[in-house]
Amino acid sequence: MTQFIRVEKEGPIATVIVDRQPALNALNADVLSELTATFERLAADDSTRVVLLTGAGDKAFVAGADIAAMQKMSPADADKFIRLGQDCMDAIADAPMPVIAVVNGFALGGGCELALACDWIIASNKSVFGLPEVSLGLYPGFGGTQRLTRLVGPARAKELIFTGRRLKAEEAVAWGIVNQMVPHEGLKMAAEVVAKQIADNSQFAIRAAKRSISQGMDLPIHEGMTVEREGFTELFDHPDRVEGLTAFLEKRKANFK
Ligand code: CO8
């Protein structure tokens with residue numbers, strides 16, 4: 001039973017909803033623990049081919065880590081909280097299946113970091129991104145200094161973190177933070193279209209590609225090429241490879257199990 005996380009399953013697509021609307025879905029320890037447990041469960045469920053992660057309500061994806069909770073923390077409490085947050089972001093980033101952030105409003109601080117832990121971001125035109133932690137005497141601690149820097153480079157990461165300024169959705173697209181911006185009312189449908197495209201492909205190949213990309217990011221290119229080669233060879237041991245190539249030659253749609 002979870003208090004703040006809802007999961008809606010429709011065939012191979014799971015939608016995970018952070019639902020703590022009175023605090024604009026802010027991440028306290030309970031939300032983080034429930035989110036981690038949810039992703040651990042989904043990771044063990046082969047029937048889930050793609051996960052959409054979004055916020056409840058019409059205003060916020062997630063407005064950050066819980067400011068009221070952090071105000072009372074000792075350094076030891078903060079250390080526990082930051083580990084909880086980083087473990088949660090890692091559970092999402094390391095999920096075997098694709099996880100897409102469906103950003104429906106404010107994605108600030110820990111909320112922006114949560115979106116950055118996903119494989120990519122689809123955003124409503126009303127969404128707003130930012131890492132305002134320095135205005136609170138903090139800095140991003142749920143992976144923001146690391147994931148944003150890898151995504152947009154150090155100069156842009158420093159600009160966003162040092163100024164704490166907010167990016168509207170279109171600027172986040174221009175920066176390469178958001179893959180696709182859609183009208184607010186069409187967000188759910190746009191995310192489902194992408195999820196369905198993913199779900200129709202070979203899950204074995206997609207999971208292997210995700211591993212290759214993720215592992216390769218942390219490696220020198222020649223070692224990354226080895227990871228790619230080894231993963232690729234494994235595809236030839238899997239029935240999806242036979243089905244995919246045969247379906248093409250027989251001029252029909254592949255039916256991956
Ligand atoms: N934490 C707790 N409560 C929040 C948060 C939050 N991050 N954001 C909003 N709320 C609450 C408000 O306090 C308010 O509650 P109440 O109704 O009881 O007063 C309710 O949500 C609605 O918020 P507002 O009235 O402020 O709504 P507005 O529409 O006026 O403004 C904003 C919306 C702009 C999103 C505004 O709420 C805001 O600026 N929120 C804070 C955004 C922010 O600074 N986020 C970063 C937090 S720091 C962080 O995420 C650090 C991550 C790394 C942690 C490492 C830990 C060691």
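For ligands, and for the atoms within them, numbers begin at 1 and follow the listed sequence. The figures that follow rest on heavy atoms only: side chains count, while hydrogens, waters and symmetry mates do not.
- Within the structure, ligand 1 has R166 among the residues with a heavy atom less than 4.0 angstrom away.
- Residue contacts with ligand 1 for L136 involve side-chain atoms from C-beta outward but no N, CA, C or O (heavy atoms, distance under 4.0 Å).
- Near G141, with a cut-off below 4.0 Å to any heavy atom, the atoms of ligand 1 are 53 (C).
- Close approach of ligand 1 to E113 (heavy-atom distance below 4.0 Å) involves ligand atoms 52 (C), 53 (C).
- Here the closest non-hydrogen pair linking A123 and F129 is CB-CZ, 4.0 Å.
- Heavy atoms of P132 found under 4.0 angstrom from ligand 1 belong exclusively to the side chain.
- Within the 4.0 Å cut-off (strictly below), a protein heavy atom is located near atom 27 (O) of ligand 1.
- Each of the atoms 46 (C), 50 (O) of ligand 1 lies under 4.0 Å from some heavy atom of G109.
- At least one heavy atom of K59 sits closer than 4.0 Å to an atom of ligand 1.
- Between K188 and E192 there is a salt bridge, since at least one side-chain N of the basic residue sits less than 4.0 Å from a carboxylate O of the acidic one.
- Contact of the E10 side chain with the T15 side chain is not registered, since no non-hydrogen atoms from C-beta on lie closer than 4.5 Å.
- Residues E243 and R241 are not paired through a salt bridge, judged by the lack of any N-O separation under 4.0 Å between the basic side chain and the carboxylate.
- Side-chain contact check for V227 versus R211: every heavy-atom pair is 4.5 Å or farther apart.
- Contact annotation for atom 18 (O) of ligand 1: protein absent (non-hydrogen atoms, distance under 4.0 Å).
- Residues in residues 30-56 take part in these salt bridge (Lys or Arg N to Asp or Glu O under 4.0 Å) pairs, two or more places apart or across chains: K9-D45, D46-R207.
- Looking only at protein heavy atoms, the nearest one to atom 56 (C) of ligand 1 is F81 CD2, 3.6 Å.
- Of all protein heavy atoms, the one lying nearest to atom 55 (C) of ligand 1 is F142 CE2, 3.7 Å.
- Taking only nitrogen or oxygen atoms, main chain and side chain alike, A63 reaches within less than 3.5 Å of ligand 1.
- Of the N or O atoms in I67, one or more lie within a sub-3.5 Å distance of an N or O in ligand 1.
- Contacts between M70 and ligand 1 below 4.0 angstrom, taking non-hydrogen atoms only, involve the side chain exclusively.
- Of all the heavy atoms of A65, the ones lying under 4.0 Å from any atom of ligand 1 are found in both the backbone and the side chain.
- Side-chain contact check for L167 versus W175: some heavy-atom pair is nearer than 4.5 Å.
- Other residues, nucleotides and ligands contribute over 12 non-hydrogen atoms within 6.0 Å of the CE atom of M73.
- For the ring-ring contact (aromatic ring centres under 6.0 Å, His included) with H238, the qualifying choice from F232, F256, F204 is F204, the only one to do so.
- When hydrogens are left out, the protein atom nearest atom 4 (C) of ligand 1 is A23 O, 3.7 Å; that is the closest non-hydrogen contact.
- With hydrogens left out, the protein atom closest to atom 37 (O) of ligand 1 is L24 CD1, 3.7 Å, a heavy atom.
- Looking only at protein heavy atoms, the nearest one to atom 38 (C) of ligand 1 is L108 CD1, 4.6 Å.
- Side-chain contact, D19 with Q21: a donor N or O sits under 3.5 Å from an acceptor N or O.
- I206 is not listed as a side-chain neighbour of M97, based on a closest heavy-atom distance of 4.5 Å or more.
- Checking atom 31 (O) of ligand 1 against the protein gives no heavy-atom contact under 4.0 Å.
- Taking a distance limit of 4.0 Å, we find that atom 50 (O) of ligand 1 is approached by some protein heavy atom.
- Distance screen at 4.0 Å: atom 13 (O) of ligand 1 has no protein heavy-atom neighbour inside the cut-off.
- Within the structure, every pair that satisfies the salt bridge (Lys or Arg N to Asp or Glu O under 4.0 Å) test and touches residues 78-89, not counting sequence neighbours, is listed here: D79-R83.
- Between R165 and E171 a salt bridge is recorded (basic side-chain N to carboxylate O distance below 4.0 Å).
- When distances from atom 41 (C) of ligand 1 to the protein are checked, a heavy atom turns up under 4.0 Å.
- Applying the 6.0 Å contact sphere to CD of E250 captures more than 12 heavy atoms from other residues, nucleotides or ligands.
- Annotation for ligand 1: atoms under 4.0 Å from non-hydrogen atoms of P22 are 15 (O), 20 (C), 21 (O).
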